[in-house]
Undergrad: 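I have a structure I would like to understand better, so I am pasting it below and will then ask my questions one at a time.
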Amino acid sequence: MAKKKTFRPKPRRPRGFRDRSGEEILAEQAMLRRICDVYASYGFMPLETPAFEFTDALGKFLPDVDRPNEGVFSLQDDDEQWMSLRYDLTAPLARHVAENYDALPKPFRRYQVGTVWRNEKPGPGRFREFTQCDADSVGAPAPHADAEAIMMFADAIRAAGLEDRDVKIRVSSRKVMSGLLEAVGLDPEDKGVSGTVLRAMDKYDRLGAEGVRLLLGQGRKDESGDFTQGAGLSDGQADHVLAFMEAASDDDAAAIAQMRGVMGGSAVGAEGADELDAIAETLAAMGYASRVRIDPSVVRGLDYYTGPVFEAEVTFPVQNEKGETVVFGSVGSGGRYDDLVKRFKGVEVPAVGCSIGVSRLLTALAARGEAQAARGPVVVLALEADRMPAYHRMAAALRAEGIRAEVYLGGSGMRAQLKYADKRAAPVVVIQGEDERTQGEVTVKDLELGAKLSETVESNEEWRSGQPAQVTVPEGELIAAVKRALGAD
RNA sequence: GCCGCCUUAGCUCAGUUGGUUAGAGCGCUUGAUUGUGGAUCAAGAGGUCUCUGGUUCGAUUCCAGAAGGCGGUACCA
């Protein structure tokens with residue numbers, strides 16, 4: 001007789017998707033609040049848009065193919081139209097502005113927190129589902145809105161918990177990159193060779209001048225033996241590009257001047273350099289010069305950028321759980337995208353904004369050991385089965401005072417209940433067993449203080465008999481006693 | 001996508017030159033303590049040795065493939 005097998009699915013998650021603990025969520029919420037407070041203080045208003053957008057609105061159809069780009073999660077609605085999960089918050093903003101153009105004040109300034117999805121291979125601090133926190137000004141031309149975006153970005157990064165020495169904010173411009181490409185004799189519009197050159201420049205930090213030279217020329221083989229095809233430039237052209245990269249300097253004006261020299265007579269290049277000069281001037285006047293550098297090695301992948309671009313990287317080494325130091329990407333970026341709304345409206349609407357990768361930033365801070373354990377709720381022990389209403393009353397009274405509190409609802413004894421409270425990181429437990437009840441009293445035990453005291457207590461007998469860090473008070477003084485215990489730490 | 005490493009208890013990992021009962025530390029449960037989280041001591045639970053196929057009398061161990069994980073690299077619209 002054949003036994004019927006019960007189907008039991010494996011509990012598992014798709015690659016790059018994570019469950020997140022209560023502590024991580026609280027840390028993220030706190031970080032988001034601090035970042036958004038900065039955005040709001042600059043006059044930005046919040047906006048929410050849906051997780052799904054029509055794929056054509058995101059601009060993510062593959063050229064000449066009736067299918068969405070591989071990098072976005074997509075599905076067909078019941079009318080066969082392709083929809084995709086948003087992969088950033090900028091494309092939905094452009095859609096929103098285009099759709100409500102006449103009613104919106106220009107410039108339109110909004111900030112937005114949201115989950116975004118990218119169908120890519122996950123890496124360290126890199127997921128397929130993560131949170132971004134953006135602020136953008138739509139309808140504000142260069143370079144003043146760019147300078148503001150960069151200053152606000154620096155403020156937001158600082159508010160998020162990164163001190164100035166922990167982060168490097170670098171600024172460049174798509175226009176000076178185009179100027180360089182023209183000077184080298186390439187067509188900036190040519191996505192092939194020019195794209196390869198820009199990607200090589202983007203790796204200057206990681207691979208250094210020699211690595212970039214290989215990528216500009218024939219190609220480069222990495223440690224794992226994988227070969228990357230190069231851009232095929234001549235030695236002279238490569239020298240030219242590297243001279244541009246070496247313009248980086250502590251003196252922004254000098255860096256921009258050298259970039260001008262390398263770009264020769266390019267008109268776009270000169271325009272980009274003028275904008276960078278204006279930005280650098282504002283940053284210096286506002287006291288941001290020590291926190292932000294003009295640096296030609298910033299490229300940024302998104303090809304919708306049209307002017308200044310910037311990004312923030314952490315300067316401390318990030319290690320994974322195995323203790324290996326890991327290649328960690330940027331924690332935030334931004335730039336100018338003057339053509340994004342034009343896709344819908346036909347008219348150019350200048351726009352600039354920034355985005356902070358909150359999930360990655362949290363990963364970086366956690367890797368540095370800055371995750372602090374969150375305090376749990378006060379736990380009211382449940383010692384006598386027929387006294388549950390009284391326990392609930394005590395918890396409710398604490399809540400009414402704004403103190404997080406819960407009644408123990410498991411089925412175990414006192415010892416296990418205390419272990420539970422310990423594991424929950426409860427700061428305080430409230431105990432009313434038969435002894436206290438008959439006296440009209442309640443015991444308030446300070447677990448945090450007790451943990452501290454236990455370090456100096458050797459024997460179990462001493463530990464038990466001393467009953468450290470707990471007080472028994474009349475029922476009416478419960479709230480006051482709990483508050484004392486909470487405040488004492 | 002390409003390259004490399006890895007996969008044995010909840011976690012971190014040993015181990016079996018192919019042989020019957022696969023181990024440790026930590027964690028977990030219970031007790032020493034009719035009502036007190038730490039420490040100590042004692043007892044206990046927990047494994048299709050990732051999966052599939054091959055070689056073999058016999059595979060957790062050898063071989064091949066797959067899946068998953070980690071890292072690098074590419075891509076990142």
Side-chain angles (χ1 to χ4, degrees), chain A residues 10 12-16 55 58-63 68-72 74 84 86-88 90-91 116 118-126 128 191 195-196 199-200 202-203 206-207 211 215 219-230 299-305 319-330 333 376 379 381-384 412-437 443-470 472:
Chain A
K10 280 205 173 68
R12 56 187 187 138
R13 283 164 292 119
R15 188 203 333 274
T55 306
L58 294 179
K60 286 314 144 211
F61 274 109
L62 289 171
N69 184 295
E70 298 277 326
V72 296
S74 303
S84 299
R86 62 187 178 203
Y87 61 90
D88 68 12
T90 309
V116 302
R118 295 188 189 182
N119 191 8
E120 300 168 357
K121 187 194 147 186
R126 184 173 176 156
R128 290 160 95 196
K191 293 278 180 279
T196 306
R199 286 194 296 274
D202 199 26
K203 297 178 176 85
R206 192 149 45 83
L207 303 181
L215 286 174
R220 173 180 177 273
K221 195 185 256 187
D222 68 53
E223 312 89 81
S224 69
D226 193 25
F227 181 76
T228 306
Q229 185 65 45
V299 176
R300 300 303 306 164
L302 301 171
D303 72 359
Y304 56 62
Y305 287 129
Q319 297 177 328
N320 63 13
E321 58 275 8
K322 291 182 183 172
E324 299 163 330
T325 299
V326 128
V327 176
F328 206 78
S330 68
S333 64
V379 173
L381 300 197
L383 297 173
E384 297 178 287
S412 302
M414 183 168 184
R415 182 185 166 85
Q417 295 192 29
L418 278 162
K419 283 193 166 198
Y420 167 82
D422 196 40
K423 195 166 261 182
R424 289 294 311 274
V428 167
V429 293
V430 174
I431 304 169
Q432 190 184 49
E434 190 181 357
D435 296 350
E436 288 89 350
R437 175 169 52 81
T443 296
V444 172
K445 185 178 178 70
D446 185 335
L447 294 185
E448 291 175 352
L449 181 57
K452 232 174 282 171
L453 294 177
S454 76
E455 289 166 14
T456 58
V457 176
E458 300 276 310
S459 77
N460 178 256
E461 201 177 326
E462 187 188 344
W463 169 251
R464 289 293 179 97
S465 63
Q467 302 298 11
Q470 70 182 55
T472 300

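Per chain, numbering begins at 1; letters A, B, ... match sequence-line order.
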Undergrad: So if I take every side-chain heavy atom of A:R118 and compare against B:A77, B:G37, B:A74, which nucleotide ends up nearest?
TA: B:A77
Undergrad: Expressed in whole Å, how much space separates the C1' atoms belonging to B:U21 and B:G25?
TA: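 B:U21 and B:G25 have their C1' atoms separated by 22 Å.
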Undergrad: Is the distance from OP1 or OP2 of B:G72 to the nearest side-chain N or O of A:K121 less than 4.0 Å?
TA: no
Undergrad: Of the candidate nucleotides B:C75, B:G37, B:G35, which contains the atom at the shortest distance from the side chain of A:R126?
TA: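 Minimum distance to the A:R126 side chain belongs to B:C75.
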Undergrad: For B:C13 and B:G54, measure between their P atoms and round to the nearest Å.
TA: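 Those two atoms are separated by 33 Å.
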Undergrad: Assess, by modelled atom type and distance only, whether the side chains of A:E436 and A:T443 contain a donor and an acceptor separated by less than 3.5 Å.
TA: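 A:T443 and A:E436 do have a side-chain donor-acceptor pair below 3.5 Å.
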Undergrad: Please confirm whether the shortest side-chain N or O distance from A:K203 to OP1 or OP2 of B:C75 is below 4.0 Å.
TA: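 Yes, within the criterion.
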Undergrad: With sugar-phosphate meaning primed atoms plus P, OP1 and OP2, does A:I431 contact a base, only sugar-phosphate, or nothing at under 4.0 Å between heavy atoms?
TA: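 Touches a base.
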Undergrad: What does A:L383 touch in the nucleic acid at a heavy-atom separation under 4.0 angstrom: a base, only the sugar-phosphate, or nothing?
TA: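 If one applies the 4.0 Å heavy-atom cut-off, A:L383 turns out to touch nothing in the nucleic acid.
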Undergrad: Between protein and nucleotides 66-69 of chain B, what N or O pairs are separated by less than 3.5 Å?
TA:
residue: B:G69; atom: OP2; partner: A:R15; partner atom: NH1; Å: 2.9

Undergrad: Enumerate all atom pairs, one protein N or O and one N or O from nucleotides 40-45 of chain B, separated by less than 3.5 Å.
TA:
none

Undergrad: Could you work out, with salt bridge (charged side-chain N to carboxylate O under 4.0 Å, His left out) as the rule, every residue matching A:R128, not counting sequence neighbours?
TA: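 A:R128 satisfies salt bridge (charged side-chain N to carboxylate O under 4.0 Å, His left out) with no residue once adjacent residues are dropped.
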Undergrad: Rounded to whole angstrom, note down the C1' distance from B:A39 over to B:U33.
TA: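 Between the two C1' atoms, the distance is 14 Å.
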Undergrad: For A:E384, which residues count as a salt bridge (charged side-chain N to carboxylate O under 4.0 Å, His left out) partner, sequence neighbours excluded?
TA: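 A:E384 satisfies salt bridge (charged side-chain N to carboxylate O under 4.0 Å, His left out) with A:R437 only.
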Undergrad: Report the residues that fulfil salt bridge (charged side-chain N to carboxylate O under 4.0 Å, His left out) with A:R424, sequence neighbours left out, ordered by chain and then residue number.
TA: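 Here the qualifying residues are A:E406.
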Undergrad: Give A:E384 one of three labels, base, sugar-phosphate or nothing, depending on what nucleic acid heavy atoms sit under 4.0 Å from its own.
TA: nothing
Undergrad: Taking the C1' atom of each, how far is B:G58 from B:C62, in whole Å?
TA: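 The answer is 13 Å between these two C1' atoms.
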Undergrad: When rounded to the nearest Å, what value does the distance between C1' atoms of B:A45 and B:C26 take?
TA: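 It comes out at 16 Å once rounded to the nearest Å.
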Undergrad: Is the phosphate of B:C75, meaning OP1 or OP2, less than 4.0 Å from a side-chain N or O of A:R199?
TA: yes
Undergrad: Compare the minimum distances between each of B:G72, B:U36, B:A74 and the side chain of A:V327, then state the nucleotide with the smallest one.
TA: B:G72
Undergrad: What base-paired stems does RNA chain B take part in, with at least 3 consecutive Watson-Crick or G-U wobble pairs and both distances under 3.5 Å?
TA: B:1-7 with B:67-73, B:10-13 with B:23-26, B:28-32 with B:40-44, B:50-54 with B:62-66
Undergrad: With nearest nucleotide decided by heavy atoms, which residue, A:Y304 or A:R437, maps closer to the 5′ end of RNA chain B?
TA: A:R437
Undergrad: With rounding to whole Å, what would you report as the distance between B:G38 and B:G46 at their P atoms?
TA: 24 Å
Undergrad: Using the C1' atoms only, state how far B:G1 lies from B:C63, rounded to an integer number of Å.
TA: 27 Å
Undergrad: Would you say A:R86 places a side-chain N or O within less than 4.0 Å of OP1 or OP2 belonging to B:A77?
TA: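 Indeed not, no polar side-chain atom of A:R86 lies that close.
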